[in-house]
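Before any comments, here is the structure.
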Amino acid sequence: MQRRNFLALSGAGLAAAGLAACGGSDSGGGESSSSEVEVFTWWAQGSEKAGLDALVAQFEKDYPDLTFVNASVAGGAGSAAKDMLQSRLQAGDPPDTFQAHAGLELTDYIDAGQLEDVSALYEEYGLTDAFPEDLVTLLTVDEMIYSVPSNIHRSNVVWTNTAVLEAAGIDPTVVPADVEAFIADVEKAAASGVTGLSVGTTWTQVNLLEAVLMADLASTSYNGLWTGETDWSGSDVTTALEHFGALIALTNTDRDGLDWTDATQMLIDGTAAYNIMGDWAVASFQQADLVDGEDFGYFPLSGGEEIFGFLADSFTLPVGAPNPDGAKAWLDTISSQEGQVGFSLAKGSIPARTDVDTAEFPAYQQTAIDSYAQDAISPSLAHGAATPVAWLNDVSDATSKFTTGASDVAGYQDELAAIAESNTSA
Ligand code: GAL
């Protein structure tokens, strides 16, 4: 049932986006005998770079004759990379492969005819049955598939600093029952003299917004926000936006200058009590040698229903890639059992493949594996699963206006409703 909601969303969303099958020839555009494979990501620093390094190590083992060329552009969630990529694609200068989120984000590239169909590789590498069926469905457009997933992340996780909570008189083992209870705890933490909830620049605020919307609306209504089935003007959305505003008021005031790493660093340093972020954050805690359950904790933000806020990183074969065979080699490595396990261990994600042994994965990832298998699935807005890029950009602008005080809840809600209207009728 819950899975069906998600599938319905992906199918309807892709159809609503009016996708035409584009793309070029089977083999990629440019010809090159180069051994270099240019890989474009935003995994430039810290634990994200460690994840990329794990993939590169596997790639060098799998393809010793090829040379990985790192074209990463720093900035969480691709905040700088996506614009840079757009310029390169428009200038006819694609990398051999680039990172993009599975889901509606891909529609922009597909509509623009910038991606090759890689469904033949699913056959060649035996991927169709290795990935969850709903993920393959999400990626399939008119019987073509335009990317290969490397991993699955969860977006709606609350991270806690245990000592800071205890000092504020909050029992770190008690999970707040709903968003109001969570806000009460954040207020209590803030009253103890730390930042209640750390957050960074606009995309991290949108990550917070989606977590609040998921928890307050529950999965069916949240998922309906992206298909036109849920009314953005409804009172449940008003409540969620009020909650979002209450939480923003409890965050650090320098948020707009910070990336997600800075916001999680505040937790690591003990200057903030809570942070809401995707589960790449756990890799930062692990890198800082914090001990799960002792130094830090986590729980999904919930209004009663357990929801897995879904996103998946994937890699593409751009039309005109100078080294399409090199790109296919990269796609082979990132989709292999070894590639997926090594990457997710370093990155805090879970493998997209279901046929790998995850028994040795750390405790946090075990919770994500269980949740992904059992809970309702809701697509992430901030990370390209729920909407095409244009819709996300509009929501980001409206959110920035709201969090900088340029609009109130009513104005923000009107704007979000108008954005939904224009993007679903486009
Ligand atoms: C997401 C991406 C993750 C992680 C995060 C922070 O969009 O899917 O892998 O990199 O951004 O940058």
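Predicted, not measured: the structure shown is a model, and the values here were computed from it.
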Side-chain (N161) to main-chain (A272) donor-acceptor, under 3.5 angstrom: no
side-chain contact (heavy atoms from CB on, under 4.5 Å) assessment of L247 paired with I183: CA-CA 7 Å; L247 286 168; I183 294 171; 3.8 Å; yes
Contact summary for L345 and P362, nearest pair of heavy atoms: CD2-CD, 3.8 Å
Side-chain heavy atoms of T403 within contact of F244, under 4.5 Å: yes
Worked check of side-chain contact (heavy atoms from CB on, under 4.5 Å) between L258 and T201: CA-CA 5 Å; L258 305 184; T201 188; 6.0 Å; no
Spacing of T424 atom OG1 and W232 atom CH2 [to the nearest 0.5 Å]: 10.5 Å
Residue from Y364, F299, W280 passing ring pair (Phe, Tyr, Trp, His ring centres under 6.0 Å) with W159: Y364
Geometric class of the Y372/F310 ring pair [parallel <30°, tilted 30-60°, perpendicular >60°]: parallel
Derivation of the side-chain hydrogen bond (donor to acceptor under 3.5 Å, both in side chains) call for D216 and Y222: CA-CA 9 Å; D216 274 337; Y222 170 88; over 6 Å; no
Side-chain heavy-atom pair R154, P300 within 4.5 angstrom cut-off: yes
Side-chain touch P149/L135, heavy atoms, less than 4.5 angstrom: yes
Side chain proximity check, Y109 to Y146, heavy atoms < 4.5 angstrom: no
Parallel, tilted or perpendicular: ring planes of W226 versus W391, cut at 30 and 60 degrees: perpendicular
Non-hydrogen side-chain atoms of H101 and L106 separated by less than 4.5 Å: no
L209 and V395: CA distance, side-chain angles, deciding distance, side-chain contact (heavy atoms from CB on, under 4.5 Å) verdict: CA-CA 10 Å; L209 170 69; V395 172; 4.2 Å; yes
Donor-acceptor contact present, side-chain N275 to main-chain S198, <3.5 Å: yes
Salt bridge K82-E105, side-chain N to carboxylate O under 4.0 Å: yes
Side-chain (S314) to main-chain (A100) donor-acceptor, under 3.5 angstrom: yes
Over all atoms of both residues, closest heavy-atom pair of A363 and D292: CB-OD2, 3.6 Å
Side-chain ion pair, K49 and D53, N-O less than 4.0 Å: yes
Presence of salt bridge, E38 and R88, under 4.0 angstrom: yes
Greater than 12 external heavy atoms within 6.0 Å of N70's CG: yes
Sole candidate of L225, N223, L217 that passes side chain to side chain contact (heavy atoms under 4.5 Å, CB included) when paired with S221: L217
Which atom of V148 lies closest to which atom of I334, heavy atoms considered: O-CD1, 3.4 Å
Approximate separation, where rounding is to 0.5 Å, of I152 CD1 and L311 CG: 9.0 Å
Main-chain N/O of D108 paired with D111 side-chain donor or acceptor, under 3.5 Å: no
Polar contact flag, side-chain donor to acceptor under 3.5 angstrom, T261-Q45: no
Candidate pair F402 and Y412, rule ring-ring contact (aromatic ring centres under 6.0 Å, His included), full reasoning: CA-CA 6 Å; F402 178 65; Y412 185 31; 4.4 Å; yes
Residues S155 and E210: side-chain donor-acceptor under 3.5 angstrom: yes
salt_bridge(E338, K61) N-O dist < 4.0 Å: no
Separation between OG of S335 and OH of Y125, rounded to the nearest 0.5 Å: 7.0 Å
Stepwise side-chain hydrogen bond (donor to acceptor under 3.5 Å, both in side chains) test for T358 and Q365: CA-CA 9 Å; T358 49; Q365 274 112 314; over 6 Å; no
Spatial distance of atom CD1 (I369) from atom CZ (F308) [nearest 0.5 Å]: 9.5 Å
Between T238 and Q413: side-chain donor-acceptor atoms closer than 3.5 Å: yes
Check: Q58 and F343 side chains under 4.5 Å, non-hydrogen atoms: no
Heavy atoms from other residues, nucleotides or ligands near CD of E242 exceed 12 (cutoff 6.0 Å): yes
Any donor-acceptor N/O pair, Q205 side chain to T399 backbone, under 3.5 Å: no
Heavy-atom pair with the smallest gap, counting every atom of N207 and G278: OD1-N, 3.9 Å
Any side-chain donor near an acceptor of the partner, S150 and Q340, under 3.5 Å: no
Side-chain (S336) to main-chain (G339) donor-acceptor, under 3.5 angstrom: yes
Spacing of CG belonging to N151 relative to CZ belonging to R353, to within rounding of 0.5 Å: 13.5 Å
Audit row: L317, T97, side-chain contact (heavy atoms from CB on, under 4.5 Å) steps and yes/no: CA-CA 5 Å; L317 174 56; T97 180; over 6 Å; no
Donor-acceptor pair, side chain of S192 and main chain of A189, under 3.5 angstrom: yes
Aromatic plane relationship, F182 with Y274 - under 30° parallel, 30 to 60° tilted, over 60° perpendicular: perpendicular
Heavy-atom closest contact (S396 atom, T202 atom, distance): O-CG2, 3.4 Å
Short side-chain donor-acceptor distance under 3.5 Å, Q265 and D269: yes
Approximate separation, where rounding is to 0.5 Å, of T264 OG1 and I276 CD1: 13.5 Å
Nearest heavy-atom neighbours spanning M214 and S380: CE-CA, 4.5 Å
Contact check, side chains of P318 and E116, non-hydrogen atoms, under 4.5 Å: no
Side chain S79, main chain G76, donor-acceptor under 3.5 Å: yes
Polar side-chain atom of D96 near backbone of A321 as donor-acceptor pair, under 3.5 Å: no
Test item: M144 and V141 side chains (from C-beta on) under 4.5 Å apart, heavy atoms: no
Expected output: side-chain S371 to main-chain A368 donor-acceptor under 3.5 Å: no
F98 ring center near W42 ring center (under 6.0 Å): no
